[in-house]
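What follows is a short report on a single structure.
From a predicted model like this one, the values you see are computed outputs, not experimental measurements. Any value given below was found using the heavy atoms of this structure, including those in side chains, with hydrogens, waters and symmetry copies removed.
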Amino acid sequence: MVEKELNRHLAVAKDWMPHEYVPFSDARNFPGLFEDGEAWAKEQSPVTDIGRVALVVNLLTEDNLPSYHHEIASLFGRDGAWGTWVHRWTAEEGRHGIVMRDYLLASRAVDPDQLEQFRMAHMSEGFESDNRHSMLHSVAYVAFQELATRISHRNTGHQSGDPVCDRMLARIATDENLHMVFYRNLLKAAFELAPDLTMCAVRDVVVGFRMPGHSIPGFERAAAQMAIGGVYNLRIHHDDVLQPVLRFLKIMEIPGLGPEGAKAQEELGLFMGGLDAEASKFDERLAARRARAAARGVAPS
């Protein structure tokens, strides 16, 4: 099954050049070795405040690629189809980090000193998967996480205020969607082989889900800003990340489950119902916040 999905991915994935998405003609020197260096100021870029926050979170998440590679190579192995996939995935994800950093520096969208300080702090922490104890849990996690990453990139582009940024992140989002399909299809096959174990894994992952960038400096504040700014919040997580994968798997219709699988299926349904209710409360609070901001003639923050 892994070989089948690998071949499907290689057949549909399109190579692209990071430099073709970067406005290098806008670039100029920063202070340092260059006497003509110009200090950074946020007014130098059209990127919005929420776009700037989300771009930093998204890039710093991509930066931890060496740790991610170690995790999946250790779990899935380096031989056969799995090994080919692990290295191909790493190469594609590396391209995302390249184009995002080049864009941010060339367009002066973010403070380069702060970005590097954050990168050092984040990568010095490394990354350890919550699901490294189980291949099934890991496959389930990345099926949701790759889609979450796609949605975060795509919405960041929409909210960035810069068409160049929007096009770049749309290109990255296309890759992330293909990665999601690879893992989602493997997860579907796992249900056919071991429905009870897979149901328990999906339940555990959905209930305990958190993004791989949760250790980024200031992540909680940034996540709150991204939630208010419509980049990623409870409603988006429920409607655009969890539900599409669960619907594809027909998770609540899987028959023939044993006691543990049936219990996990029920608990998953209850959790999703509770999450939907929480998302509705968030929607109401956000609408009220925006109404108050509109009455004052300011943007919500």
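Between Lys263 and Glu266 no salt bridge is recorded (no basic side-chain N to carboxylate O distance below 4.0 Å). Between Arg119 and Glu116, at least one side-chain nitrogen of the basic residue sits less than 4.0 Å from a carboxylate oxygen of the acidic one, meeting the salt-bridge criterion. Contact check on Asp239 versus Arg247 returns no salt bridge, with no Lys/Arg side-chain nitrogen under 4.0 Å from an Asp/Glu carboxylate oxygen. The pair Arg150-Glu146 fails the salt-bridge criterion, with no side-chain N (NZ, NE, NH1 or NH2) lying under 4.0 Å from an Asp/Glu carboxylate O. Using a cutoff of 4.0 Å between basic side-chain nitrogens and carboxylate oxygens, Arg28 and Asp36 are not scored as salt-bridged.
For the pair Arg171 and Tyr21, the NZ or CZ position fails the cation-pi test of under 6.0 Å to the six-membered ring centre and within 45 degrees of the ring normal.
For His70, the side-chain contact (heavy atoms from CB on, under 4.5 Å) criterion is met by Ser74, not counting sequence neighbours. When the ring pair (Phe, Tyr, Trp, His ring centres under 6.0 Å) test is applied to His238, no partner is found at least two apart in sequence or on another chain. With sequence neighbours excluded, the residues forming a side-chain contact (heavy atoms from CB on, under 4.5 Å) with Ala148 are Phe209, Met211, Tyr232, Val241, listed by chain and number.
Neither Leu197 nor Phe191 shares a network with the other; the hydrophobic side chains, linked directly or stepwise wherever heavy atoms of I, L, V, M, F, W or Y lie under 4.5 Å apart, form separate groups for each.
Here the two rings, on Phe182 and Trp85, have centers that are under 6.0 Å apart.
With hydrogens and angles left out, the side-chain atoms of Asp204 and His137 include a donor and acceptor closer than 3.5 Å.
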